[in-house]
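Just below is one structure, and these are the notes that go with it.
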Amino acid sequence: MIILGIETSCDETSISVLKDGKEMLSNHISSQIDIHKEYGGVVPEIASRHHIKNIAAIMEISLKEAEITLDDVNYIAVTYAPGLIGALLVGISFAKGISYGRDIPIIPVHHIKGHIYANFLENKVELPAIALVVSGGHTNIIYIDENHKFFNLGGTLDDAVGESYDKVSRVMGLGYPGGPVIDKLAYEGNKDLIPMPEPKVGGYEFSFSGVKTSVINYVNKKNMKKEEYNPADIAASFQNRVVDILCKKTIKAAMEKGVKNILIAGGVAANSLLRKELLERSKLKGIEVFYPSMELCTDNAGMIAAAGYYKLTYGDSDKIFADLKLNGIANMGIEED
Ligand code: KG4
Ligand code: ZN
């Protein structure tokens with residue numbers, strides 16, 4: 001069974017070909033990061049225009065690499081939400097065009113489920129599991145049962161983790177996206193130099209605005225007094241606190257739910273300290289941690305095709321996302337089953 005995956009929710013245009021839910025025949029990603037860098041973040045209108053310009057050519061490349069044609073495609077899995085509305089519309093309209101022209105059914109896929117299923121492409125993941133979803137727009141702890149049903153245990157009350165990384169980077173003039181820069185720089189700094197508050201939120205809720213504000217206040221004070229500061233110390237202190245918060249709550253969720261598997265999903269799953277710390281701390285509790293390879297951590301259509309495959313196999317559970325404000329937009333004419 002061949003699924004064509006399409007992802008255009010933010011600044012990556014990507015088309016993939018997935019065979020039988022596991023074998024990735026191609027997963028071509030065209031990133032616009034270099035274009036948006038100049039503006040310090042993603043400019044929605046520019047993102048949409050680049051998706052339009054590139055999407056057909058990217059599909060051609062992906063089909064060619066997979067050595068198939070559209071005649072071989074059984075389903076089209078496309079990201080329907082959340083994301084930039086204009087950007088999403090490009091992928092959805094493209095999917096609808098092929099669907100109409102070739103009579104191929106569409107599987108609408110929630111972007112966050114895509115990130116979670118990236119883990120299933122490379123590993124033999126056993127369920128039930130706890131998924132830590134950490135991206136530019138989301139921070140959630142999700143319980144997945146044996147039947148691939150998703151239950152949100154909690155999320156951020158303010159900023160998403162990736163968003164705080166991006167803001168911290170911006171205030172120090174280190175550019176966009178902030179995550180990879182801060183991650184690298186943190187290794188050169190002293191993590192104990194700048195005090196970072198521990199957020200006072202209970203359960204599985206998160207708050208990162210206090211940590212972010214500590215950084216902003218520190219930098220502003222130094223600038224006002226015309227004093228030097230070492231960005232690496234800030235990076236290390238910030239990253240250390242954020243990773244500690246994420247690890248504590250994720251492991252607590254796994255212990256309380258009695259599950260033996262943790263999955264990390266989303267752009268921030270690429271963070272080296274998060275991978276290392278969560279792995280080490282979980283091991284002490286007899287819990288296994290899975291995370292996708294670097295290529296599958298960033299937005300890509302491979303993960304969308306994978307989520308499409310599991311949706312087809314196990315049915316829909318997207319409705320839980322609608323309640324969680326994870327569902328940024330209406331489904332734009334694509335009916336969920
Ligand atoms: O999942 P993603 O590609 O897009 C969304 O769906 O939001 O995540 C992008 C986010 C950005 O905020 C970026 O700074 C962050 O992931 N990110 C990282 C790292 N690599 C990317 N954050 C921390 N450490 C990293 N190594
Ligand atoms: Zn994403």
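Along the sequence shown, residues carry numbers from 1. Since the model is a prediction, treat every value here as computed from it, not as a measurement. Counting convention: from 1, in listed order, for ligands and their atoms alike.
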For ligand 1, the portion of D299 having any non-hydrogen atom under 4.0 Å away
both
Please say whether the positively charged group of K222, taken as NZ for Lys or CZ for Arg, lies over the ring of Y229, i.e. under 6.0 angstrom from the six-membered ring centre and within 45 degrees of the axis.
no
Residue pair N230 / E188, side-chain donor-acceptor N/O under 3.5 Å:
no
Report, in ascending order of atom number, the atoms of ligand 1 lying under 4.0 Å from any heavy atom of G136.
5 (C), 7 (O), 8 (O), 9 (C), 10 (C), 12 (O)
Is a salt bridge present between D244 and K249, judged by a nitrogen-to-oxygen distance below 4.0 Å?
no
Would you say K37's side chain and P177's backbone share a donor-acceptor pair under 3.5 angstrom?
no
Does A270 have a non-hydrogen atom less than 4.0 Å from ligand 1?
yes
Between R241 and E198, does at least one N-O distance fall below 4.0 Å, as a salt bridge requires?
yes
Does any N/O atom on N271 come nearer than 3.5 Å to any N/O atom on ligand 1?
yes
Just checking, is any N or O donor in the side chain of N140 or Y204 under 3.5 Å from an acceptor N or O on the other one?
no
Atom 11 (C) of ligand 1 has as its nearest protein heavy atom D166 OD2, 3.6 Å
Quick check: does any side chain N or O of S14 sit under 3.5 Å from a backbone N or O of H28, one acting as donor and the other as acceptor?
yes
On a heavy-atom basis, I'd like to know which of S164, G179, S135, S169 is closest to atom 19 (C) of ligand 1.
G179
Ignoring hydrogens and angles, tell me if any N or O in the side chain of T139 forms a donor-acceptor pair with the backbone of S135 under 3.5 Å.
no
Could you tell me the residue and atom name of the protein heavy atom closest to atom 21 (C) of ligand 1, and the distance to it rounded to 0.1 Å?
G267 O, 3.4 Å
Answer yes or no for C10: is there an N/O/S atom below the 2.8 Å cut-off from the Zn ion (ligand 2)?
no
Side chain D158, main chain F208, donor-acceptor under 3.5 Å:
yes
Relative to the heavy atoms of P177, which atoms of ligand 1 are at a distance of less than 4.0 Å?
14 (O)
Have a look at the Zn ion (ligand 2) and estimate, to 10 degrees, the angle subtended by OD1 (D299) and NE2 (H115).
90°
Nearest-contact summary for atom 26 (N) of ligand 1 - protein heavy atom, Å:
D183 OD2, 3.0 Å
Within a distance under 4.0 Å of any heavy atom of G162, pick out the atoms of ligand 1 and give their elements.
12 (O)
Please determine whether any non-hydrogen atom of E12 lies less than 4.0 Å from an atom of ligand 1.
no
Can a cation-pi geometry be assigned to K149 and Y314, taking NZ or CZ under 6.0 Å from the six-membered ring centre and within 45° of the ring axis?
no
With atoms numbered from 1 as shown, which atoms in ligand 1 lie under 4.0 angstrom from a non-hydrogen atom of H111?
6 (O)
Tell me if a side-chain donor or acceptor on S237 pairs with a main-chain N or O of K191 at a distance below 3.5 Å.
yes
If you measure every N or O of S272 against every N or O of ligand 1, does any of those distances drop under 3.5 Å?
no
Check ligand 1 against G137 and write out every atom of the ligand that is under 4.0 Å from a heavy-atom position of the residue.
7 (O)
Ignoring hydrogens and geometry beyond distance, is a side-chain donor-acceptor pair present between D299 and H115 at under 3.5 Å?
yes
Is there a heavy atom of H115 sitting under 4.0 angstrom from any atom of ligand 1?
yes
Tell me, which N, O or S atom in H111 is closest to the Zn ion (ligand 2)?
NE2
With a 4.0 Å heavy-atom cut-off (strictly under), which part of V268 contacts ligand 1: side chain, backbone, both or neither?
both
